[in-house]
Chemist: 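Please see the structure below; I have some questions.
Computed from heavy atoms alone, side chains included, the values below leave out hydrogens, waters and symmetry copies.
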Amino acid sequence: MRYRIEYADGQCCKFVNSRQDLMKMLKLIKGKTVTDIRKVYKSGVSDSVMETYKPYPK
């Protein structure tokens, strides 16, 4: 499962390949505002999972 982390102010987004990689990336984010975290399916459809991971990017 791929995840896309979107930042505020139109900055680029980052893709990670697994939930474990997502958790590592969220721990490393400092000073950037995360606007959305989306789960990207193989079909290209994406769902927001920001509510689930909201406590982590602090």
Chemist: Kindly write out the residues that satisfy side-chain hydrogen bond (donor to acceptor under 3.5 Å, both in side chains) with Ser48, not counting sequence neighbours, or none if the list is empty.
Modeler: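 For Ser48 the side-chain hydrogen bond (donor to acceptor under 3.5 Å, both in side chains) partners, ignoring immediate neighbours, are Asp36.
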
Chemist: Apply the side-chain contact (heavy atoms from CB on, under 4.5 Å) test between Tyr3 and each candidate in Arg19, Lys14, Met25, Arg38; give the one that qualifies.
Modeler: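 Exactly one option meets the side-chain contact (heavy atoms from CB on, under 4.5 Å) with Tyr3, and it is Arg19.
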
Chemist: Once rounded to the nearest 0.5 Å, what's the spacing between atom CG of Leu26 and atom CD1 of Ile37?
Modeler: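 Separation between the atoms: 4.5 Å.
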
Chemist: Are the side chains of Arg4 and Val16 in contact, using a 4.5 Å heavy-atom criterion?
Modeler: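 The answer is no; the side chains never approach within 4.5 Å.
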
Chemist: For residues 39-52, which residue pairs qualify under salt bridge (Lys or Arg N to Asp or Glu O under 4.0 Å), counting only residues two or more places apart or in two chains?
Modeler: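 Salt bridge (Lys or Arg N to Asp or Glu O under 4.0 Å) check on residues 39-52 returns no pairs.
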
Chemist: Apply side-chain hydrogen bond (donor to acceptor under 3.5 Å, both in side chains) to Thr33 and list each qualifying residue two or more places apart in sequence or on a separate chain.
Modeler: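 Counting only residues at least two positions away or on another chain, Thr33 forms no side-chain hydrogen bond (donor to acceptor under 3.5 Å, both in side chains).
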
Chemist: Are side-chain heavy atoms of Thr35 and Tyr7 found at a separation under 4.5 Å?
Modeler: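 Contact flag for Thr35/Tyr7 side chains = no.
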
Chemist: With Arg2, which residues qualify under side chain to side chain contact (heavy atoms under 4.5 Å, CB included), at least two apart?
Modeler: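 Listed in chain order: Phe15, Asn17, Val40.
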
Chemist: Taking the side chain as every heavy atom from C-beta outward, state whether Ile5 and Ile29 have any pair of such atoms under 4.5 Å apart.
Modeler: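 Result yes, sub-4.5 Å side-chain heavy-atom pair found.
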
